[in-house]
Structures are given as C-alpha cells and as structure tokens.
Student: 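Structure in structure tokens, see below.
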Number of protein chains: 2
Amino acid sequence: MSSREASRRDVLRAVAAERGLDAVLVTNLLNVRYLTGFTGSNGALLVRTDGADLFGTDGRYTTQAATQVPDVEVLVDRATVAGLAKVAVQRGTGTLGYESHDLTVDGLAGLQKVLADAGGAVPELTSIRRAVEAQRAVKDDDEIEALRRACAVADQALAELAAEGALRPGRTEQQVGRDLDARMLALGAEAPSFETIVAAGANSAIPHHRPDATVLRDGDFLKLDFGATVDGYHSDMTRTVVLGHAADWQREIYELVAASQAAGRAALAVGADVVAVDSAAREVIAAAGHADHFTHGLGHGVGLEIHEAPGIGPLGAGTLAAGMAVTVEPGVYLPGHGGVRIEDTLIVTDDAPELLTLTSKELLVL
Amino acid sequence: MSSREASRRDVLRAVAAERGLDAVLVTNLLNVRYLTGFTGSNGALLVRTDGADLFGTDGRYTTQAATQVPDVEVLVDRATVAGLAKVAVQRGTGTLGYESHDLTVDGLAGLQKVLADAGGAVPELTSIRRAVEAQRAVKDDDEIEALRRACAVADQALAELAAEGALRPGRTEQQVGRDLDARMLALGAEAPSFETIVAAGANSAIPHHRPDATVLRDGDFLKLDFGATVDGYHSDMTRTVVLGHAADWQREIYELVAASQAAGRAALAVGADVVAVDSAAREVIAAAGHADHFTHGLGHGVGLEIHEAPGIGPLGAGTLAAGMAVTVEPGVYLPGHGGVRIEDTLIVTDDAPELLTLTSKELLVL
C-alpha cells in the first residue's frame, strides 16, 4: 500500500512548496486516510517539504499504524494534533499549513497555544483550504477499482432482490431497505454508502424520503437510491421501477428523466464546465415543462465521501478532469403523485465516460 | 415527538439566559437532532431566549422537517446557517452563542461575514462550549428506552449466532463480523454502532483489532466488541469467549477482568468521581500485576454518539449523575498471546446501575 500513498503525499508536498509552506498539518480524517492508508478513527499527518513526514495517532492504534502506515514515522500521543504540532516546532517550521475547513474554532485555538508553548520559534499558520480534497477529486487506478467493486455490489444486491421477488406489493419500504442493506453487507460491503432511500407511491415524489412503514402497492413507482462502501469508497445509484403495471403518466416522466440522464452522461467530458453538464440534462426536463419539478443539482463527486468534489449543478464551478468519479442523477418529482430519479456513478475519461453502475435503465415493471 | 424536544430546548434556553445570551446557534447535527427530532443530514437551529426558535434546513428536507419538527418555525435555505444568522440579525440579537467545538474556522469566518452584511446591528459572538453535550449526558426516559432496545438487539444477535454455531473454528473474523452486522440489521438495527471488532487468538490482544481473514482456531480467545444503533442511540458491548477448551492462563485473566469489571460496575453511583470509578476497576487489575496490560480508560458515555460525555478514565473529570448512560470495559491484553475485554452498557441510577447489555459474563466455552 505504501507507494500509492507516498505518491499522494508527494503531490501535496509539491503544492505546499509552491505555496511557500514548510509543512502541512492534515487533520481531516479522510484526507489522512487518503495520504497514509490509515483507517482508524483518530489520526493526523504532518507533511513536510523536507520529506520528514510524521503520522500521529493514539495508543489504540499502535499496531494498526505500523501495519497500515509502514513508510511514515509514527508518533503515538493521546493528544494527536498537539503532539504533531510540538514536533513541527522542534524540527523548525516557518510556515505551517492547516485545514481551515476541518479544524474547529476550538481546535485552532488549541493548536495556536501548543505552537506558542512548544519552546521554539512559533510557526505562522496559513490555511491550505481544500488542497487535499482537490487532489482527491481525481481518482487513481486503485480508487477506480474500489469504486467498480462498490458499484458491482450494489448492482448485484438489487438484481438478487428483484429476482427473488422482494420488491413486491404488500411489503413495506423499511423491509425493502433492510433487505438491500443486508444483501450489500452479505456481498462484501463494509456498510451502506448512506441511509438507503426506498420511496413508494406518492413518497417517490420526495427526493430524499426515509423508508417508513408505507406498504408497496400495485401501480406504485418504487424509487431506490442506495450504494455500497467497499475499501472506504462509496457507490451511488438510483433506479425507479413500477410495480405491477405502468400508467401512461409514469412512462412519460420515466422516459423524460431517462432522456435527461442520457444527455447528462453524454456531457461528461474532460474540460466540460460543471454548470454546462448540469444544463445539458436540465434543459431536457425544462423543455418538457417540468423545470420546477427538478429541484436539485445534477450530480456530485463520489469517493471516500458520498458527496465530494466536484459538484455538478447550476451553482457549481470548475471543469471536469479525467479520473473524476461523479454521479448523474436528474429527477422529476410530482408532489402528491410520484417521482422518478435515475442515477449512475461514472468515471470521466478522455473518451466516453466509464459507467460503473451497470443495472439496466429500461423502465422495469415488476 | 414534539414535547420531549421542546423541553430540551427550554433547558438550553435557560442556560442561554443565564449566560446573558439572546440566542444560541446550534450547528452540531446531533445536537440539532436532540433538540428538534430532525434526522436529516443538514440542519441547524436557532434557540432564542424570547422563544421564537427557528429551524433551518435545505429544500431536500422540506417535507421531513414539517413532519419531524412540527413545533418550530422552519426556514428552508440552501445556506442553512447563513439563513438562520440573517434572521437572527433581522429579529435583533445582541449576543449570539455558537458551538466553537463544532463550527470550523471557515464556518466562523462565514458566519461573521453574514452577520456583518445582514444590514442590522451585528451580534456579539460567544461560544457556548459543549452546553448541549452536557445536557445530552443525562438521558431522559425516551432515550433510555432507545438504549434498552439497542442493547437488546445486540444481545439477541449474539445469542442467535452462538446458538447457530456461527462462532466456531474454521470461520474467519470477517465472516463472524459480517454475520453479527447482518443479524443486528435483521433484528431492526439501523446500523452497527461502529465497525464491529472480531479478534481471534493473538489478535485479541489488540484492543481495537479490525476483523480480517484470520481463521478462528480451537483454544482461541474470541473477542467481540459490537453494538446496534436504534432510533439513533448506540449500544456497546464486549464479550470474550473461548473456542473448544480454555487453558488455565485464559481462565485466569478472564476471571481477573470479570472481577475488575464487577468492581467498576459497583462503583457507578450518583456523585461518584469518574477517576475514582476508573480506579475501582483498575486497582483490581494492578493488584494482579497487570497494570501495564490495561492500556485504555474504563468507559465512556453512549447515546446519539458511540463515545460521548462522560469519559471514565484516569484523565477524566467530573462526577456521575442519575440518567447517565455509560460503558464499563476493562481489559487485559497480553501482546502476542491474547486478551480479554468485558464491557457492558449501563444507566447510572440512585440505586444500583441498570444493566442494559444482558448477555452472560460467565466465561463461555463454545
């Protein structure tokens, strides 16, 4: 595992050097995981431009740190961040970068006190903003492979439940949700990617409906938004099916959302502006008079977090790059009646995007 | 649901008034859940001493907020915290409390800017520290009932797996861990409380071992540390069993840890100092010459978080109060050989503590 994470640290090291920093203190736990491979619940990392990096954790993780982070010096200290800060002063650090989007107000005050009391020249603190998150937006081969496996688990879980007749009138949303979660775990997921959404009938018009005791009925839309976490990477997929028979209005909005989703996928290209990608899908829905019924952004990055950079929506900023993992998930929601969302997870490439969620997007009548 | 949360808000309102604040901005999502009942992924709460509270969330949760937070005015705004801050200025707020342990450095800067730009008198910001967490440390009846159910799910899952022979030589730690997780979900858990620990043989000497492909063998210690989440509340239990037959050294350290754990439970009393509770259990282990093999604190509060106030350890501070939910979990770890931890979740009461994790603590040889 070490060379992959070492390369990632070298990228951050170069960013730090470019910004005139002597070291960066990484406190966001997912960023620490990304840069070291450490999966425990307490860890921080000091990346130094002189190469003398230091990983900090507490005594619970001494063994795990030695195994997962074999190529970085480890400091075991109950006060993890304070321990690293002291060493930063001892080793001489003129300017220290920190993550102002992660460190709390209390955390910064504590850090400033430790730096002042460490008995050396006090480093100047400066935020590195979301430098590591920006790095994480572009996935390397190992990350894409983890995402492929996470998507495959979700595909397989849904296929099995559909084949077994678990998605049928008479069952409740909660039962279906628990089945999906349990099946993903049985298939090797560490956890669901997020709280699985199962929304039947009128509930399907609620974009983020929590599964409740609502009973599935013949003629219902059944919207399933779920994913699996594998090696820390999250898949995200939504499929909407119809139970029993599909009415004309259901076919109509389903085909509309499917066309919008296809347009969104087709717009995923290296260099594409995220606002333009959103528009490509949104215009299809707007042209059919349903602009007001598509009430959220088109998609988002996925990886170690279920929502990460880049955001793809009307208020987004930036362009797509090869290796970004994103969702494309337009929806049309008719309050009180029902709604459709279709969502895939894909990788942006120099050619057509690679589709990771392989479940069919034909309207499925179960 | 409303009157319970309304009472909690009134407690915070009284704390705010006592500290001379006109309002408190609660940003910690679990604190928001505690004070409103809202279970979504984005919400914040303005509690005002004049009683005109305001709950903020984004458009995904309009319906859910109306259902879960029927008794508080709702503000739907994509920029949730900024939206509440603007209203705070509009309605006149001289001094505004905020959660400095939750708000990030960037979050505070953003808040200050919104307050300054809102076009009214700019409120003075002051931290309320962990006022809501302190309130949460003492559970009310509904919370204790949720904890009881969460503990019952974990008890039942373990009992079923043991009865089915799932804890047997030849299986792997990962298989056992997945079985435990899946069974808890099937029994109604929303999720495992944390990443389930299954540690066999020498791995049992690692306090927080991640289940891996290690195969369970005859004569192994098998340490299981796991819990279920029900209605957002976490149970936490550790049991250590022996597979096949127990050697003398295993019986010896098992009985030692069991005696230490009983001493810790017996020390749980209203008014007891948390350091003294830790000592009561630790001294039993130290007297047997194993002080260096008990490398962590005795326990911690549990509730909406798996680790919350109060901490019970040598470095803790404060005393116990009736209604606190805590774990008692001493361990003895012999590196390279094996280890034992025994952990219960209990409620501090005016009489003997109420034991919520009911699985037997007799040494079980499977």
Side-chain angles (χ1 to χ4, degrees), chain A residues 27-28 39-42 58-64 67-68 78 98-111 125 127 129-130 174 177-192 194-196 203 205-210 212 295-297 306-307 313 315 335, chain B residues 27-28 39-42 58-64 67-68 78 98-111 125 127 129-130 174 177-192 194-196 203 205-210 212 295-297 306-307 313 315 335:
Chain A
T27 53
N28 177 284
T39 60
S41 66
N42 177 34
D58 64 62
R60 292 174 299 169
Y61 293 114
T62 307
T63 311
Q64 186 170 329
T67 307
Q68 293 186 323
R78 193 166 179 276
Y98 76 102
E99 298 187 291
S100 58
H101 64 290
D102 179 76
L103 205 62
T104 65
V105 174
D106 286 355
L108 178 60
L111 176 60
L125 282 169
S127 173
R129 307 288 163 199
R130 296 178 181 267
Q174 277 169 337
R178 286 179 182 157
D179 281 356
L180 268 174
D181 291 350
R183 193 59 57 98
M184 289 193 288
L185 292 182
L187 290 167
E190 290 139 22
F194 51 89
E195 196 176 354
T196 292
N203 290 343
I206 303 170
H208 284 73
H209 173 71
R210 279 194 110 190
D212 59 26
T295 49
H296 53 73
I306 182 63
H307 294 113
L315 303 175
Chain B
T27 52
N28 177 285
T39 59
S41 67
N42 178 33
D58 63 61
R60 292 174 300 169
Y61 293 113
T62 307
T63 310
Q64 185 171 330
T67 307
Q68 294 186 323
R78 192 167 180 276
Y98 76 102
E99 298 187 291
S100 59
H101 64 290
D102 179 77
L103 204 63
T104 64
V105 174
D106 286 354
L108 177 60
L111 176 60
L125 282 168
S127 174
R129 307 290 162 196
R130 296 177 181 269
Q174 277 169 337
R178 285 177 184 159
D179 281 356
L180 268 174
D181 291 350
R183 193 58 59 99
M184 290 192 289
L185 293 182
L187 289 167
E190 291 139 23
F194 51 89
E195 196 177 353
T196 292
N203 290 342
I206 303 171
H208 284 72
H209 173 71
R210 280 192 109 190
D212 59 26
T295 49
H296 53 73
I306 181 64
H307 294 113
L315 304 176

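Quick note on labels: first sequence line is chain A, next is B, and so on, each numbered from 1.
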Student: So what's closer than 4.5 Å to chain A heavy atoms on B:I206: side chain, backbone, both or neither?
Tutor: side chain
Student: Who passes side chain to side chain donor-acceptor pair (under 3.5 Å) against B:R129, sequence neighbours left out?
Tutor: A:D106, B:S100
Student: Is a donor from one side chain sitting under 3.5 angstrom from an acceptor on the other, for A:Q64 and A:T39?
Tutor: yes
Student: Counting heavy-atom pairs closer than 4.5 Å to chain B, which one of A:R210, A:H209, A:E195, A:H296 comes out on top?
Tutor: A:R210
Student: If you count heavy-atom pairs under 4.5 Å with chain A, which of B:D58, B:L185, B:T62 comes out on top?
Tutor: B:L185
Student: Check whether B:H101 gets within reach of chain A through its side chain, its backbone, both or neither, counting any heavy atom under 4.5 Å.
Tutor: both
Student: Check A:S41 against A:Y61 and note the closest heavy-atom contact, atom names and distance.
Tutor: OG-OH, 2.8 Å
Student: Are B:L180 and B:R183 packed together at the side-chain level, in the sense that at least one heavy-atom pair is separated by less than 4.5 angstrom?
Tutor: no
Student: Listed by chain and number, what are the side chain to side chain contact (heavy atoms under 4.5 Å, CB included) partners of A:L125, not counting sequence neighbours?
Tutor: A:L96, A:Y98, A:L108, A:L111, A:Q112, A:L115
Student: Relative to chain A, which segment of B:R78 carries a heavy atom at a distance below 4.5 Å: side chain, backbone, both, or neither?
Tutor: side chain
Student: Using a cut-off of under 4.5 Å on heavy-atom pairs, state which of A:A191, A:G188, A:A182 scores highest against chain B.
Tutor: A:G188
